[in-house]
Amino acid sequence: MPIPQARDVDATRTQLTAWLRRKLPHATDVAVGEITLPSGSGFSNETLLVDASWRGGEGPVEARLVARVRPTAYAIFPEYDLHRQYRTMEILAPTGIPVPKMRWYEEDASVLGQPFYVMERVEGVIPADHPPFAHGGWLFDATPAQQSELVRSALTVLAELHRLDWRALG
């Protein structure tokens, strides 16, 4: 399985800092700190783990964010609708389905080379794509009880999703 292209972290920090200043026009001391490019997962989008800070009306803010960038050279899906991903999670937020808080959607590809969205980071671990979680990694090494709990949790969320009235949600 090919691995998505690497990104210049320093250039990305500069680009995201300028963009975030535009998104937070009343904030001061806007800064993007560490940017981590996770390895082994996130192949459906380019994923950037971003630490940012600013001073707003309520004081200083330390934000742990995730930027999901539409892939360029490597894509899993033949049709790709990044805005639909963003809107779906935004719509699901008040339903109790566990989704991160969505912050911003940016369709202007000139910022990072492709459209992207930013959401708050949810701490935890996810099964890896590379190597596939069925062949190695923490989930492969987990006990049968731990693997069962993950499957049960996933199925519970899928069942909750299917109970939602998608028409009423828009």
Side-chain angles (χ1 to χ4, degrees), residues 1-93 97-142 150:
M1 175 184 296
I3 297 176
Q5 259 182 310
R7 172 177 287 276
D8 181 333
V9 174
D10 291 329
T12 301
R13 182 178 299 105
T14 300
Q15 294 159 327
L16 279 176
T17 300
W19 175 82
L20 194 54
R21 285 183 180 136
R22 291 190 300 274
K23 288 291 176 190
L24 302 166
H26 301 294
T28 60
D29 303 324
V30 176
V32 172
E34 184 175 1
I35 297 177
T36 306
L37 308 174
S39 62
S41 62
F43 285 6
S44 60
N45 292 296
E46 179 184 2
T47 303
L48 310 173
L49 305 178
V50 179
D51 291 335
S53 62
W54 61 86
R55 182 172 294 280
E58 293 92 40
V61 175
E62 298 286 331
R64 295 175 52 80
L65 306 169
V66 176
R68 301 296 304 269
V69 184
R70 187 177 198 277
T72 52
Y74 177 83
I76 290 178
F77 305 110
E79 293 183 29
Y80 205 87
D81 191 338
L82 193 70
H83 187 255
R84 180 177 287 172
Q85 291 177 30
Y86 177 88
R87 280 293 297 143
T88 299
M89 287 191 282
E90 190 176 54
I91 288 167
L92 289 174
I97 298 295
V99 294
K101 180 180 178 187
M102 304 309 287
R103 290 291 202 128
W104 303 283
Y105 175 78
E106 181 57 65
E107 65 182 27
D108 183 356
S110 71
V111 178
L112 293 179
Q114 286 289 336
F116 65 97
Y117 60 83
V118 176
M119 59 189 167
E120 291 186 2
R121 193 177 322 170
V122 176
E123 296 303 324
V125 293
I126 58 169
D129 296 328
H130 188 71
F133 63 85
H135 298 283
W138 71 267
L139 182 56
F140 181 81
D141 295 331
L150 183 130

Problem - Minimum side-chain heavy-atom gap Asp51-Arg121 below 4.5 Å - result: yes

Practice task
Please name the pair of heavy atoms, one in Val111 and one in Arg22, separated by the smallest distance, quoted to 0.1 Å.
Solution key: CG2-NH2, 4.0 Å

Practice task
Report yes if the side chains of Met119 and Arg68 come closer than 4.5 Å at any heavy-atom pair, otherwise no.
Solution key: yes

Problem - Flag side-chain contact, heavy atom, 4.5 Å: Pro71 against Gln114 - result: no

Problem - Check: Arg7 side chain, Leu112 main-chain N or O, donor-acceptor pair, under 3.5 Å - result: yes

Exercise for the section: State, yes or no, whether a side-chain contact exists between Met89 and Tyr117 at a heavy-atom distance under 4.5 Å. Expected result: yes

Which donor-acceptor pairs under 3.5 Å do side chains of residues 131-141 form with protein atoms, sequence neighbours excluded?
unit_1	atom_1	unit_2	atom_2	d
Trp138	NE1	Ile126	O	2.9

Practice task
Measure the spacing between CG of Leu24 and CZ of Arg55 and express it to the nearest 0.5 Å.
Solution key: 14.0 Å

Handout entry: Step-by-step side chain to side chain contact (heavy atoms under 4.5 Å, CB included) determination, Leu37 to Leu48
Key = CA-CA 5 Å; Leu37 308 174; Leu48 310 173; 3.0 Å; yes

Practice task
Tell me, yes or no, whether the heavy-atom count around Glu120 atom CD, taken from other residues, nucleotides or ligands under 6.0 Å, exceeds 12.
Solution key: yes

Handout entry: Glu58, CD: over 12 other non-hydrogen atoms inside 6.0 angstrom
Key = no

Practice task
Measure the acute angle between the ring planes of Trp104 and Trp19, then classify it against the limits of 30° and 60° as parallel, tilted or perpendicular.
Solution key: perpendicular

Handout entry: Spacing of CD belonging to Gln15 relative to CG belonging to Asp10, to within rounding of 0.5 Å
Key = 10.5 Å

Fill in the blank from the handout: When every non-hydrogen atom of Val30 is compared with those of Thr17, the smallest separation belongs to O-CG2, 3.9 Å

Handout entry: Expected output: side-chain Arg13 to main-chain Glu34 donor-acceptor under 3.5 Å
Key = no

Handout entry: Separation of Ile91 CD1 from Met102 CE (nearest 0.5 Å)
Key = 11.0 Å

Handout entry: Contact summary for Pro115 and Leu82, nearest pair of heavy atoms
Key = O-CD2, 3.3 Å

Exercise for the section: Give, for atom CG of Leu20 and atom CG of Leu65, the distance between the pair rounded to the nearest 0.5 Å. Expected result: 7.5 Å

Practice task
Check for a donor-acceptor pair, side chain of Arg103 on one end and backbone N or O of Val66 on the other, with a separation under 3.5 Å.
Solution key: no

